[in-house]
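For reference, the structure discussed in these notes is given below.
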Amino acid sequence: MTSRVGIIGYPLGHSISPAFQQAAFDELEIDARYETWATPPEELAARVESLRAEDVLGANVTVPHKQAVMPLLDEILPVADSIGAVNTIINREGFLIGANTDAAGFTRSLEQEARFATVRKRALIVGAGGAARAVAFGLAWEGVSELVIVNRTPERASELARDVSEATAAETRGGGLEDIGGSDGVDLIVNCTSMGMAGGPDPEGIPPVEDLLKRGVLVCDLVYNPQQTPLLALAWERGARVLGGIGMLVYQGAAAFEFWTDREPPEDIMYSAALKALM
Ligand code: NAP
């Protein structure tokens with residue numbers, strides 16, 4: 001029997017997960033098909049129920065369902081519970097487990113691609129949505145000493161900062177975009193907004209971090225389409241180091257693949273397939 005996995009989101013036109021996940025199944029000769037399950041909110045409960053079938057290994061979950069799926073599952077793993085979002089569902093004989101691999105995907109990309117040692121570093125996160133929550137917890141778990149979270153809607157940043165402070169040792173504070181000025185001397189800047197994303201609400205946008213872009217700072221953008229976002233182009237010009245979002249995407253997917261299959265994911269194959277799908 002051919003097994004199935006899929007991505008649940010709405011709309012789903014932009015997803016490159018099917019390309020690199022299928023490449024991994026094919027490489028390891030696992031008889032499985034990765035499908036695209038566009039699911040409007042009113043169909044989410046039925047979609048999740050369908051994952052209990054014998055031939056389903058699990059699913060990826062993306063916007064706008066990462067939080068809404070949580071009460072529909074049988075167990076939430078602690079990492080997903082802290083972050084407050086599920087991006088991976090694992091079907092164990094009809095019992096559905098919710099996991100979050102975004103935090104690990106991001107910190108793996110930092111370590112693997114940028115060779116960035118997180119311990120005792122100071123970081124600035126712009127954004128407070130689902131991705132920012134995963135990045136904030138990931139950085140705090142990896143030992144950043146200080147975390148500043150700023151967002152267009154300041155209340156969301158403050159709420160995330162409070163959640164991270166309560167659960168980890170990182171000194172964390174939240175605020176509005178106007179508070180970025182007080183972040184001079186940070187080692188790491190992460191754009192977790194959709195500014196700069198092709199087809200997004202502000203494709204030419206750059207978060208207002210211009211004054212912090214300098215030599216010695218690592219600037220990460222979770223946006224992976226385009227690979228060189230306006231923020232990364234400017235950071236590069238100013239002499240900062242830069243890291244795009246493709247690594248996080250591949251490593252979160254690799255961790256999900258391992259949950260579904262208990263096999264070591266062929267990360268290099270997945271990475272090249274993701275790059276190819278983006279072109
Ligand atoms: P989300 O939950 O919808 O959050 C969007 C965030 O962007 C919010 O903080 C929002 O601020 C902010 N924002 C949107 N438009 C803005 C604008 N014009 N000016 C300033 N702030 C703006 O989305 P998400 O899931 O966190 O995803 C955020 C980005 O990360 C997306 O571009 C997504 O593609 C990317 N991402 C990448 C990966 C990866 O693996 N590389 C994984 C997940 C997400 P408000 O709170 O004020 O609305």
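The basis for the numbers below is simple: all heavy atoms, side chains too, and nothing from hydrogens, waters or symmetry mates. When a ligand or atom number is given, it counts from 1 through the structure's own listing order.
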Within 4.0 Å of some non-hydrogen atom of Gly127, the atoms of ligand 1 are 9 (O)
Residue pairs passing the side-chain hydrogen bond (donor to acceptor under 3.5 Å, both in side chains) test with at least one member in residues 116-129, sequence neighbours excluded, are Arg122-Glu146
Checklist line | 4.0 Å heavy-atom contact, Cys192 with ligand 1 | finding: yes
message: With heavy-atom distances below 4.5 Å as the criterion, would you say the side chains of Leu212 and Ser183 are in contact?
response: yes
Those residues at least two apart in sequence (or on a different chain) that pass side chain to side chain contact (heavy atoms under 4.5 Å, CB included) with Ser3 are Ala32, Leu57
**Study point:** Between Phe20 and Tyr34, ring centroids under 6.0 Å
**Key:** no
A student checking ligand 1 against Gly245 at a 4.0 Å heavy-atom cut-off should list atoms 39 (C), 41 (N)
*asked:* Donor-acceptor check, side chain of Arg241 to backbone of Ala114, threshold 3.5 angstrom: yes or no?
replied: yes
Exercise for review: Give a yes or no answer on whether the side chain of Trp37 reaches the backbone of Val5 with a donor-acceptor pair at less than 3.5 Å.
Suggested key: no
When only distance counts, is Asn151 in polar contact with ligand 1, meaning an N/O pair under 3.5 Å?
yes
Counting heavy atoms under 4.0 Å, the part of Leu249 that contacts ligand 1 is both
Can you find a pair of side-chain heavy atoms, one from Lys66 and one from Asp102, that are under 4.5 Å apart? yes
Q) Can a non-hydrogen atom of Gly205 be found less than 4.0 Å from any atom of ligand 1? A) no
Logged contact type for Val63 with ligand 1, heavy-atom cut-off 4.0 Å, is side chain
d(Leu160 CG, Asn151 CG) to nearest 0.5 Å is 9.0 Å
For ligand 1, find out whether one of its N or O atoms is nearer than 3.5 Å to an N or O atom of Gln252. no
Exercise. Is atom 23 (O) of ligand 1 less than 4.0 angstrom from some protein heavy atom?
Worked result: no
- Any N or O of Tyr224 closer than 3.5 Å to N or O of ligand 1: no
Note: ligand 1 atoms sitting under 4.0 Å from heavy atoms of Met197 are 32 (O), 34 (O)
| field | Sidechain-backbone polar pair: Asp202 side chain, Met195 backbone, donor-acceptor under 3.5 Å | value | no
for atom 26 (O) of ligand 1, nearest protein heavy atom and its distance come out as Ala131 N, 2.8 Å
Answer yes or no: is there a donor N or O on one side and an acceptor on the other, between the side chain of Asp221 and the main chain of Gly244, under 3.5 Å?
no
**Request:** Kindly confirm or rule out an N or O of Thr153 lying under 3.5 angstrom from an N or O of ligand 1.
**Result:** yes
A student checking ligand 1 against Gly130 at a 4.0 Å heavy-atom cut-off should list atoms 2 (O), 26 (O)
**Request:** Decide if atom CD of Glu264 counts as having more than 12 heavy atoms of other residues, nucleotides or ligands within a radius under 6.0 Å.
**Result:** no
Honestly, for Met248 the part within reach of ligand 1 (heavy atoms, under 4.0 Å) is both
Test item: protein heavy atom less than 4.0 Å from atom 44 (C) of ligand 1: yes
Val223 heavy atoms within 4.0 Å reach ligand 1 at atoms 32 (O)
Nearest non-hydrogen contact to atom 31 (C) of ligand 1 from the set Gly129, Ser194, Pro64, Ser17 belongs to Ser194
